[in-house]
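Quick caveat, the model's predicted, so the values are computed rather than measured.
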Amino acid sequence: MTRRPITKKYDADSIDVVQNVEYVRLRPEMFIPSRDIVGAMSLLKEAWANSVDEWIAGHCKRLRIKLSGPLSFEVEDDGRGIPVDMHKKTGQPALTSIFTLVGSGGKFRDDSYGGVSAGLHGVGITAVNALSASCEVWTRREGKVYYQAFKQGVPVAKLKRTNRCPVKLRHGTMIRVTLDASIFEKTAFKLSAVRSICKNIGVLCPGLKIFFEDAEGHTEDFTTKAGIQSLLGEEPFNVGPIVIQDTKGITAALGWRFSATGTGEDWQSFVNVNPTADHGMHVRGAQDGLTAAMMGKARGSGLSGPDLRDGLVVAIHAMVPHPQFQGQAKTRLAGSEPYYQARDVFQAACTTWFKKHGKLLRLLIDRAKQLRLQRAEYKKALATLRKVEKGGRRGNLPTKLAMARCDPGRRELYLVEGQSAGGTAIKARNDGYQEILPLRGKVINAARAPLSKVLDNEEIQDILRSVGGGFGKDFDVSKMRVGKILVMADGDADGCHITCLLTAFFLRYLTPLVKAGKLYVVLSPLYLAEKGMQRWFGDTLAEVKKKAASGSVISRLKGHGSANVEDLRWYAMGEHRKLLRVSAKGTDEALRLLGNDASVRKELLDV
């Protein structure tokens, strides 16, 4: 079949020549990642990157970033200012060229910025100007302040001298930008994201005074003497930290934080102060260098680099002359030189550190072997789990589950200790949204038992089928068939033990569920006071005496299985119930307490 022509004319008059500001506005995605907050943040980064380049070149000591509106910001520095003399090639002031011509800037050669800079394409500030509704620039050169305004990238008037400036500009530059809302629809800067940028700049640019100001005029000082290690947080390391201080352009801090099931690696990477979210060759080189430093003792073990690096947290900053990035967003570093630069520095520094801490290297190797066995066991266990998910009546749901037909997000799943209590709970529930899964006795201790035995346990299988969402690292909160899980065991010692065992299973194997705030414990009362038709419940004898009327008969509750339907509905299933939400914080410590090492429990109990 022959297609009919959809155009009649194609000659020289059909060719448009779109350049500079006009081209940027026509095709924004060629210069920024997207037209949302990510793209807006990349333009803010282009603005402060010029100030940071002045610091790198040794000409800037102070930087101020202000958010003055949803899409408005100011950046001010005390650098050299922007050249304002006439440019020979463009025939206009250099400042005007920089803000309106793609490919104009002072970072293509070494005599202005020494080859190391956060900006490099001569596009950044032009894109900022082009994609703005308005852009104003004040700069001080040779004791005189110059001003120029732009609208949608086009000069409103020629560059001129001025005696008016929003700040006292002794030297340096200030720009005020409002991004174009027709390009960045439904977008607004987030204070937390800009504060995070200021923190990173403060850490990566020692000696630079950096201030953040919000729209109300509140100012925060992010100047710091803290090293790059501060980017890794305050949680203690199991191994480390190893700190590399400005060696051949590489500054880094790294260490290992263990978890029971393995967490992979966590890298924060930067090049010339630019955050590189997609990493690149400097990170790959650092990984290979670290692995080489560890492999001397691990050779023949069958372990890989990722095995040895599990639990690793790293912050790395590489100062690279004339860096090559994949795309204008500069989120991934390319080129072979940064690879060898980072590899050699990491291998030398880590080899030296492990020579002094040989026992810690052996600890990492032994842990990597253990995690590797766990992963192999996990693969086998998943096969068992898939068989479980296909079985059972009513699709994959256990037959003893008392179901509720409603929206999954509204549905509550009660895990109830014992068949008797389960029967009472089924009568007491609101069957519009509450489900009951009775459990027989104490479930397996997931903190102690191997994974294969955990998944062979019938009660665990029933829980997984009732919750939905998958298992382990593949668990997906969005695919859960319930919105809330409530553990309901008796308030006595046995009930508390069952609660601990169930909580351990969720913490170890359904961690995303716990982090999402979906797991609760029903706080079951221990005491009941009765007088006539009146009844009061309490967790302690003192509490129930305080609530009850004089002359009441007080007794200790025997458990949910002995409770009547009205009582159970009142204190466990209705508006008067007390719930405790389980947090994932301290998961490793909780699993250790329930693990094989009895000394941990003895230490806690001081016995």
Would you say [Y] and [X] are linked by a side-chain donor-acceptor pair, where the criterion is simply a distance under 3.5 Å?
{"X": "Q534", "Y": "W536", "answer": "no"}
{"X": "T251", "Y": "H317", "answer": "no"}
{"X": "R309", "Y": "T291", "answer": "yes"}

Checklist entry - With ring centroids as reference points, do F537 and Y527 lie under 6.0 angstrom apart? => result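 No; Y527 has its ring centre 6.0 Å or more from that of F537.
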
Next on the checklist: Distance check, rounded to the nearest 0.5 Å: L437 atom CG versus I463 atom CD1?
Outcome noted: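 Spacing of CG (L437) from CD1 (I463) equals 6.5 Å.
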
Checklist entry - Out of curiosity, I498 CD1 to E459 CD, how far, rounded to the nearest 0.5 Å? => result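 If I round to the nearest 0.5 Å, the distance is 10.5 Å.
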
[Y] backbone acceptor or donor facing [X] side chain under 3.5 Å:
{"X": "R569", "Y": "A428", "result": "yes"}
{"X": "E417", "Y": "D490", "result": "yes"}
{"X": "R332", "Y": "H279", "result": "no"}

Checklist entry - In this structure, are over 12 heavy atoms from other groups packed under 6.0 Å from E458 atom CD? => result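 Counting other residues, nucleotides and ligands, CD of E458 stays at 12 neighbours or fewer.
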
Contacts table for residues 225-241: side-chain donor-acceptor under 3.5 angstrom, sequence neighbours left out:
from: S230; atom 1: OG; to: G227; atom 2: O; distance (Å): 2.8
from: N238; atom 1: OD1; to: F258; atom 2: N; distance (Å): 2.7

Item to check | Listed partners of H560 passing ring pair (Phe, Tyr, Trp, His ring centres under 6.0 Å), at least two apart | outcome: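 H560 satisfies ring pair (Phe, Tyr, Trp, His ring centres under 6.0 Å) with Y571 only.
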
